[in-house]
Amino acid sequence: MPSKPTSPEAARGISRRSFCQSTAAIAALTVGALPLASVQAQTRVIGAASITTFSDGLMTVPTEMLFDAKANPSLKPLLDQSGMGEGQAKRPLNITLVDIGDRRILFDAGSGPNFLPGLGELPNELDAAGIALDSITDVVFTHAHPDHIWGVIDDFDELAMPEAQFYMPDREWDFWDSDDALAAMPAGREAFAVGAKTRFDAMRDQVAMIAYGDEIIPGIEVVDSRGHTPGHAAFAVHTGDQAVMVVGDALTHPLISFQHPDAENKSDMNTAEAAASRARLLDRLVSDDMMLIGYHLPAPGFGRVERQGNAYHYLQQ
Ligand SMILES: [Zn+2]
């Protein structure tokens, strides 16, 4: 069993970090002043936070692994409109970095060098933006799928962000750390379970278990969005009078997730729970007038939601 510190704040005392470095970085992370070599990275200043998304690459998957347009013909025009109608879906991987106060918080760690060719670009993208991996103070995980967690270790199986405190939703850790995970994987996905455990082992001494509703870092709230995986979490980043929701894989398609939030997404482990989570998140995003960042939404992943009758409309920002 992992150690389960009762307070993540206490737990993070185990890693040292340079406040001076962090403060200088915040000064550099102003829109227009950031020396971005990368065309992908996009920075927004939202309240007290400077928020940048980085691309970990572009993942191509068969459309039928995500949506079944035969069973649900109303999805077909939306798949066509989003370029997924020909059988292949190109999915961006948008990784969020938040600089706020003395913290530099990464949401998910990308795919790393061993998942799929063309992915694992995060370290290069950070380097191009002048951001050192050891300047990252916190890494917060939405869930333990390969494109979100495998990048926590590098080519040498060492922690890629050695100074960081890691945070994993407790329900997510318990599922992937048990033998249930391997048994629950469909044929061909066994590596998801084995790979998650390898990463858990690497971060075991540096990870805090977090629960829905917790404030894990000042201003960072854990939001229940279970369904895609058993312990999937979204994160509300409160930045003064504004807030941004990092939604992970709870909202993944710019049309279907919003216009048909009930529609089955075959990448969700629990269809009913995932649909219920989408409904809750969408309602809150509109009610609280929050911007969102989607891991697989069109790059750079920033958007807003409008209510439209009984459904919603996504506005890329
Ligand atoms: Zn994903």
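Just so it is clear, the model here is predicted, and its values are computed rather than measured.
Note: the hydrophobic cluster containing Val222 also contains Tyr167 (ILVMFWY, side chain heavy atoms under 4.5 Å, direct or indirect links). Leu116 and Val194 are not part of a single hydrophobic cluster, where members link through side-chain heavy atoms under 4.5 Å apart. In the hydrophobic cluster analysis, where Ile, Leu, Val, Met, Phe, Trp and Tyr join through side-chain heavy atoms closer than 4.5 angstrom, Leu119 is grouped together with Leu97. Cluster membership check: Ile153 shares its hydrophobic cluster with Leu122, using side-chain heavy-atom separations under 4.5 Å among Ile, Leu, Val, Met, Phe, Trp and Tyr. When hydrophobic clusters are built by joining Ile, Leu, Val, Met, Phe, Trp and Tyr residues whose side-chain heavy atoms come closer than 4.5 Å, directly or via intermediates, Ile100 is grouped together with Phe302.
Asp224 is linked by a salt bridge (Lys or Arg N to Asp or Glu O under 4.0 Å) to Arg226, Arg280, counting only residues two or more places apart in sequence or in another chain. Residues satisfying the side chain to side chain contact (heavy atoms under 4.5 Å, CB included) test with Pro123, not counting sequence neighbours, are Leu133. Legend: residues meeting side chain to side chain contact (heavy atoms under 4.5 Å, CB included) with Val286, ordered by chain and number and at least two apart, are Val305, Arg307, Tyr312. For Asp201, the side-chain hydrogen bond (donor to acceptor under 3.5 Å, both in side chains) partners at least two apart in sequence or on another chain are Arg204. The side-chain hydrogen bond (donor to acceptor under 3.5 Å, both in side chains) check on Asp180 picks up nothing, with sequence neighbours excluded. Not counting sequence neighbours, Arg189 has no partner by the side-chain hydrogen bond (donor to acceptor under 3.5 Å, both in side chains) test. By the side chain to side chain contact (heavy atoms under 4.5 Å, CB included) test, Asp288 is found to be paired with Arg284, Met290, residues two or more places apart in sequence or in another chain being considered. Listed by chain and number, the residues in a side-chain hydrogen bond (donor to acceptor under 3.5 Å, both in side chains) with Ser74 are Asn72 (sequence neighbours excluded).
To the nearest 0.5 Å, atom OG1 of residue Thr142 and atom CZ of residue Phe107 are 10.0 Å apart. Rounding to the nearest 0.5 Å gives a distance of 10.5 Å between CE of Met65 and CD of Gln88. Note that the NE2 atom of His145 and the CZ atom of Phe115 stand 9.0 Å from one another [nearest 0.5 Å]. Note that CZ of Arg44 is 7.0 Å distant from OG1 of Thr53, once rounded to the nearest 0.5 Å. To the nearest 0.5 angstrom, Thr96 atom OG1 is 8.0 Å from Leu106 atom CG. Annotation: the span from Met168 atom CE to Phe200 atom CZ amounts to 4.0 Å, rounded to 0.5 Å.
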Practice task
Would you please test Arg171 and Tyr212 for side chain to side chain contact (heavy atoms under 4.5 Å, CB included) and show each step?
Solution key: CA-CA 9 Å; Arg171 294 170 51 92; Tyr212 300 142; 3.6 Å; yes
Practice task
Could you check Phe141 against Val207 for side chain to side chain contact (heavy atoms under 4.5 Å, CB included), going step by step and ending with a plain yes or no?
Solution key: CA-CA 10 Å; Phe141 292 102; Val207 68; 5.9 Å; no
Problem - Test side chain to side chain contact (heavy atoms under 4.5 Å, CB included) applied to Arg104 and Ile131, step by step - result: CA-CA 10 Å; Arg104 170 167 278 173; Ile131 293 172; 3.6 Å; yes
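Residue pairs that meet the ring-ring contact (aromatic ring centres under 6.0 Å, His included) test with at least one member in residues 64-90, sequence neighbours left out, are Phe67-His253. A salt bridge (charged side-chain N to carboxylate O under 4.0 Å, His left out) check over residues 52-79, counting only residues at least two apart or in different chains, returns the pairs Lys76-Asp80. Among pairs with a residue in residues 253-277, those fulfilling salt bridge (charged side-chain N to carboxylate O under 4.0 Å, His left out) read Asp268-Arg278, at least two apart in sequence or across chains.
For the residue pair Thr229 / Glu172, a side-chain donor-acceptor distance below 3.5 Å is found, with atom types taken as modelled.
Shown here for Pro162 and Ala160, the closest heavy-atom pair between the two residues is CD-O, 3.3 Å. Considering all non-hydrogen atoms of both residues, Ser111 and Asp147 come closest at OG-CA, 3.5 Å. Across every non-hydrogen atom of Ala129 and Phe54, the tightest pair is CB-CE2, 3.8 Å. Of all the heavy atoms in His260 and Leu78, the pair that sits closest is CD2-CD1, 3.4 Å. When all heavy atoms are compared, the tightest approach of Gly303 to Gln317 is CA-CG, 3.5 Å. In terms of heavy atoms, Leu297 sits closest to Pro92 at O-CG, 3.3 Å.
Side-chain contact between Leu292 and Leu281 is absent, with no heavy atoms from C-beta onward closer than 4.5 Å. Counting heavy atoms from C-beta on, the side chains of Glu190 and Leu182 come closer than 4.5 Å. Side-chain contact between Ser55 and Glu121 is absent, with no heavy atoms from C-beta onward closer than 4.5 Å.
Of the possible donor and acceptor atoms, one in the side chain of Ser257 sits under 3.5 Å from a partner among the backbone N and O of Thr252. No donor-acceptor pair under 3.5 Å is formed between the side chain of Ser50 and the backbone N or O of Asp99. Formation of a donor-acceptor pair under 3.5 Å by the Asn265 side chain with backbone atoms of Ser267 is found in this model. Looking at Gln316, its side chain does come within 3.5 Å of a backbone N or O of Ala299 through a donor-acceptor pair. In this structure, Glu306 contributes its side chain and Tyr314 its backbone to no donor-acceptor pair below 3.5 Å.
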Which atom pairs, donor and acceptor, lie under 3.5 Å between side-chain atoms of residues 234-249 and protein residues at least two apart or in another chain?
{"unit_1": "His238", "atom_1": "NE2", "unit_2": "Glu221", "atom_2": "OE1", "d": "2.8"}
{"unit_1": "Thr239", "atom_1": "OG1", "unit_2": "Ile46", "atom_2": "O", "d": "3.0"}
{"unit_1": "Thr239", "atom_1": "OG1", "unit_2": "Gln242", "atom_2": "O", "d": "3.3"}
{"unit_1": "Asp249", "atom_1": "OD1", "unit_2": "His148", "atom_2": "NE2", "d": "3.2"}
{"unit_1": "Asp249", "atom_1": "OD1", "unit_2": "His296", "atom_2": "NE2", "d": "3.2"}
{"unit_1": "Asp249", "atom_1": "OD2", "unit_2": "His143", "atom_2": "NE2", "d": "3.4"}
{"unit_1": "Asp249", "atom_1": "OD2", "unit_2": "His148", "atom_2": "NE2", "d": "3.0"}
{"unit_1": "Asp249", "atom_1": "OD2", "unit_2": "His228", "atom_2": "NE2", "d": "3.3"}
{"unit_1": "Asp249", "atom_1": "OD2", "unit_2": "His296", "atom_2": "NE2", "d": "3.3"}

